[in-house]
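Here the structure is laid out as structure tokens; the discussion comes afterwards.
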Amino acid sequence: MSTILFQFSRKLKISRFTIDVLMERLTNLRPPRQRAADEWEGFVGRTYDSLKACDQLHNELGEQFDVVQARNVGDFPSLIDRFEDLHRRISESIATLNSVENGTARTN
């Protein structure tokens, strides 16, 4: 496996792990006492939707990676922007969950 293929494969695995951890964190997240139930449910719903979008993008990238891997490495530049988008979305989700757990987030 070439270095480029290895790096993309590694990024996919790390992204999958991170998305799974974020989903677990969201599942175990408890509302702060000062939040209204509907406000909290809205926040959790939006965050869940964001993580599902990350999951879908990850799956699409995995499928594209398999196709590119089977053909040739020259097609990888088309994946770079999508990986950057995925990592940006994951980073936003991490920041959101961290701020909620630390009590500094706005949920509306």
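Between atom CG of residue Asn59 and atom CD of residue Gln64 there is a gap of 11.5 Å, rounded to the nearest 0.5 Å. The structure places CG of Leu26 at 7.0 Å from CZ of Phe43, a figure rounded to the nearest 0.5 Å. With rounding to the nearest 0.5 angstrom, the CZ atom of Phe8 is 11.0 Å from the OG atom of Ser15. To the nearest 0.5 Å, atoms SG (Cys54) and CG (Leu86) are separated by 6.0 Å. Expressed to the nearest 0.5 Å, how far CE of Met23 lies from CG of Asp20 amounts to 8.5 Å.
Asp55 is not listed as a side-chain neighbour of Leu51, based on a closest heavy-atom distance of 4.5 Å or more. Contact of the Trp40 side chain with the Leu29 side chain is registered, since non-hydrogen atoms from C-beta on lie closer than 4.5 Å. No side-chain heavy atom of Lys13 sits less than 4.5 Å from a side-chain heavy atom of Phe17. In this structure, Thr18 and Ile94 have side chains that are in contact, with non-hydrogen atoms separated by less than 4.5 Å. The shortest distance between side-chain heavy atoms of Arg25 and Leu22 falls below 4.5 Å.
When each of Arg16, Arg82, Lys11 is paired with His58, the side chain to side chain contact (heavy atoms under 4.5 Å, CB included) condition holds for Arg16 and for no other.
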Report the C-alpha separation of Phe83 and Leu12 in whole Å, then their side-chain angles, then the decisive distance to 0.1 Å, and conclude whether the side chain to side chain contact (heavy atoms under 4.5 Å, CB included) test is met. CA-CA 9 Å; Phe83 265 109; Leu12 274 173; 3.7 Å; yes
Determine, step by step, whether Gln56 and Glu60 satisfy the side chain to side chain donor-acceptor pair (under 3.5 Å) criterion, reporting the C-alpha distance in whole Å, the side-chain angles of both residues, the deciding distance to 0.1 Å, and the verdict. CA-CA 6 Å; Gln56 181 179 353; Glu60 291 170 6; 3.2 Å; yes
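In terms of modelled atom types and a separation under 3.5 Å, the side chain of Asn28 and the main chain of Glu24 share a donor-acceptor contact. Remark: side-chain polar atoms of Ser50 are not paired, donor with acceptor, to backbone N or O of Arg46 under 3.5 angstrom.
Salt-bridge formation is detected for the pair Glu92/Arg88: a Lys NZ or Arg NE/NH1/NH2 atom is positioned less than 4.0 Å from an Asp or Glu carboxylate oxygen.
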